[in-house]
K.L.:
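Could you have a look at this structure, given as structure tokens, before my questions?
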Number of protein chains: 2
Amino acid sequence: MSRYDPSAFPPFAVTVDLVVLTVRDHALCALMVRRGEPPFQGFWALPGGFVRPDEGLIEAAARELAEETGLRTHGAPGTGPGVGAHLEQLATYGDPQRDPRLRVVSVAYLALAPDLPTPRPGGDVRSARWAPVEELLGRGKGDDGMLLAFDHTEILADGVERARSKIEYSALATAFCPEEFTVGELRRVYESVWGVQLDPRNFHRKVTGTPGFLLPAGGTTTRQGGRPAQLFRAGGATVLNPPMLRPDS
Amino acid sequence: MSRYDPSAFPPFAVTVDLVVLTVRDHALCALMVRRGEPPFQGFWALPGGFVRPDEGLIEAAARELAEETGLRTHGAPGTGPGVGAHLEQLATYGDPQRDPRLRVVSVAYLALAPDLPTPRPGGDVRSARWAPVEELLGRGKGDDGMLLAFDHTEILADGVERARSKIEYSALATAFCPEEFTVGELRRVYESVWGVQLDPRNFHRKVTGTPGFLLPAGGTTTRQGGRPAQLFRAGGATVLNPPMLRPDS
DNA sequence: GTAATAGTGTCTTTGAGACAATATTAG
DNA sequence: CTAATATTGTCTCAAAGACACTATTAC
């Protein structure tokens, strides 16, 4: 059998779906849109859409992300440091039955964004919201969360697990923070994403002692109350060695 | 703009490509096939093929793996423990120019297999071989390795890096071993995949002290020479906590 | 003053890294 | 015997976990 036979190949539709995560009110939240048409009309779904014939996969994901949130992607041209979201490929979902209408292969992307100043994230007519992932996926113990469109519960769960594990050994938690942030704010990011409490003193020692993780920004802030805290921005480091250890697991 | 519009979607071809890794002669090797037709005629390429209209992505990958190597996948029906390969999704590659003929999105899978008793791995007419990844990808310092078909150098490099990092925090290194193996054989797997030397004493302490990693099989063997070594099989553990640390990195 | 958060220090324990020494086979 | 590998053990050091204490703001 010949590979890549151009004359006869089964046609597929290819889409991108986005797991866009942020931290709001000490809770990990995902961007969800409400479907206005069948199938799964009225259900919450991940934002996404068809890949265009002339664009790459991550370009399609970045385009959908910009359409939904206005966020640019880190490293995109004309993007300053700190603004914009982290974007990476998550996984691909291609069960023959995942869309009842046609064979759709969806390449899912994971985006990590700082808490957006605009409370309404959607840019177009569809209603959109930030939903706590605990509400979408459930807290265990018989709580399986909401029923989402297609296989989006599985995709969301995979994205959340990726984010939870990736902040262990990378400096990606700073992607959830504004350009300048304090050690306490970064700690609250870890606590929100992992759903645990961390010792502020050990956390402070760990992050300030890891070379390249944090870069002093010079100023201080009292936006969290209490004693003024030093401001930092993300250092150039991408991998954390040794990693930040998640309790229990 | 509506999502998933069934009436008008751009058609894509969807394929699976396989990064099949094994350890032979103290070297990490990948299964490569030689292309018999254009484009890239005569070039070495990763095994793969079209996804059929009625099969899932991992089913397509498992089918291709079985066609090429005769290996079944762990967990497949009728598969005993220890035989068969580990199979997981790696990443998806969809650059618009990656295939000069048509728009192809390829879902790559990573397979880890024990050293196969049959020296000729291919089952069909195409020539196939186990090639050391050092030869395919180069050793750095101006050595960029061989020129492979399509973007398969990038896919292979991603698969090798995934394997190298995954044996750090999972028990997957046992997927490279036969059903029963010794601590020394497992150590040589780590040394081959990472390209380093490990202290046999610290390694022995580490793997035998990690609960669920190794299960005593009862017997001993002298197939490596020297003092007889205890035989083990893979324990049920999937994650290693704390992880096996890779030197240098 | 109180309440809240930020930052520094100390002690203990776990575990990795660097070794030495002994055990059991093949030849 | 020698050569090869397996296995157990010991010492040191890096780093995480569990605490106490002081510092600086808002009120």
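Lettering follows sequence order; numbering is per chain, from 1. Note that the structure is predicted; figures quoted are calculated from it, not measured. Keep in mind that the numbers below use all heavy atoms, side chains included, and drop hydrogens, waters and symmetry copies.
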K.L.:
Given atom CZ of A:F203 and atom P of D:dA15, what is their separation to the nearest angstrom?
P.N.:
17 Å
K.L.:
At 4.0 Å (heavy atoms only), tell me whether B:R223 reaches a base, stays on the sugar-phosphate, or touches nothing.
P.N.:
nothing
K.L.:
How many Å lie between CG on A:L231 and C1' on C:dG7, as a whole number?
P.N.:
15 Å
K.L.:
Okay, side chain of A:D199, backbone of A:N202: is any donor-acceptor separation there less than 3.5 Å?
P.N.:
yes
K.L.:
Below 3.5 Å, does any donor atom in the side chain of A:R227 face an acceptor in the base of C:dA4, or the other way round?
P.N.:
no
K.L.:
Atom CD of B:Q197 and atom P of C:dG17: how far apart are they, to the nearest Å?
P.N.:
15 Å
K.L.:
Which of the following nucleotides, D:dA16, D:dT5, C:dA6, is nearest to the side chain of A:T182?
P.N.:
C:dA6
K.L.:
In terms of the nearest nucleotide of DNA chain D, which residue is placed more toward the 5' end: A:K206 or A:T222?
P.N.:
A:K206
K.L.:
Go through the N and O atoms of the side chain of A:R201 and the base of C:dA6, and report whether any donor-acceptor pair is under 3.5 Å.
P.N.:
no
K.L.:
Among the nucleotides D:dA6, D:dA16, D:dT7, which one has an atom lying closest to any side-chain atom of B:Q230?
P.N.:
D:dT7
K.L.:
To the side chain of B:A229, which of D:dT7, C:dG17, C:dA6 is closest?
P.N.:
D:dT7
K.L.:
Map A:N202 and B:M244 onto DNA chain C by nearest heavy atom, then report which one ends up closer to the 5' terminus.
P.N.:
A:N202
K.L.:
Check whether any side-chain heavy atom of B:Q230 sits under 4.5 Å from a side-chain heavy atom of B:T182, and report yes or no.
P.N.:
no
K.L.:
Mapping A:D199 and A:G226 onto DNA chain C by nearest heavy atom, which one lands closer to the 5' end?
P.N.:
A:G226
K.L.:
Using modelled atom types and a 3.5 Å cut-off, is there a donor and acceptor pairing between side-chain atoms of A:T73 and backbone atoms of A:A85?
P.N.:
no
K.L.:
Distance alone, cut at 3.5 Å: any donor-acceptor contact between the side chains of A:N241 and A:Y169?
P.N.:
no
K.L.:
Is it true that B:F203 and B:Y190 have ring centroids separated by less than 6.0 Å?
P.N.:
yes
K.L.:
Take the protein atom CG of B:L245 and the nucleotide atom C1' of D:dA15, then report the distance between them rounded to whole Å.
P.N.:
12 Å
K.L.:
For B:R205 and D:dA6, give me the distance from atom CZ to atom P, rounded to whole Å.
P.N.:
17 Å
K.L.:
So if I take every side-chain heavy atom of A:P228 and compare against D:dA16, D:dA6, D:dT25, which nucleotide ends up nearest?
P.N.:
D:dT25
